[in-house]
Structures are given as C-alpha cells and as structure tokens.
Amino acid sequence: MEHDIKELLIESQEEGFCFLTKLIVEYKNGQNVFNKIGERLWEVYGEKNKLIGVAGLNQNPNSQYANVRREGFMFQLSFVERV
C-alpha cells in the first residue's frame, strides 16, 4: 500500500487534508492498525489496479460499547468525483 498511496497523499496535502498523513504515521508506528473488533481499513482500486481511495472504520473511543463504530476518514482522488 505504501507505494500506491503516494498520489493520494500528495493530493490530500495539496487540498489541505492532514488525516491521510496521520493515518500513515499512526499505522507505521502501530498506534492505529485497525486490529480491534470491527475495525477495518479499505483500499479502493480503479482501472489498472490504481489506488483511488481509502477509508477507515474504528471503534468509537467515546463509547463504552465495543460495538459502536465511527468512520475515521475517507479520501478519494479528485478525478473520481467527476466520473
């Protein structure tokens, strides 16, 4: 994923979004690796297996219940919105 995510990362930074940078840092340092019950990290691929989006689902840290989730982030390349 690291190689594939560079274009998404660059575009997100150019648009002023920092959550993709945060995702990469936290994933690499083990802080958020989506390994708790119900957590998921999705990669969305388009034509020619090009990474065009990512989305994550984490447990809600503000809930006392482990089955309560919240979407942590979602980002897609801007050209996808025009298709």
Looking only at heavy atoms, which two atoms of Trp42 and Leu57 are closest? And how far apart? CZ3-CB, 3.7 Å
Audit row: Glu7, Leu51, side-chain contact (heavy atoms from CB on, under 4.5 Å) steps and yes/no: CA-CA 8 Å; Glu7 186 176 356; Leu51 182 66; over 6 Å; no
Are the side chains of Lys36 and Asn58 in contact, using a 4.5 Å heavy-atom criterion? no
Exactly one of Leu20, Leu9, Val44 clears side-chain contact (heavy atoms from CB on, under 4.5 Å) with Val54, and that residue is Leu20
Residues in side-chain contact (heavy atoms from CB on, under 4.5 Å) contact with Val33, at least two apart in sequence or another chain: Tyr27, Asn35
4.5 Å side-chain heavy-atom contact, Phe19 and Ile24: no
When you measure from the side chain of Glu39 to the backbone N and O of Gln59, does any donor-acceptor pair fall under 3.5 Å? yes
Verify the cluster assignment for Tyr45 and Leu8: are they in a single hydrophobic cluster under the rule of side-chain heavy atoms below 4.5 Å apart? yes
One should read off an interatomic distance between Ile10 CD1 and Glu15 CD, to the nearest 0.5 angstrom, of 12.5 Å
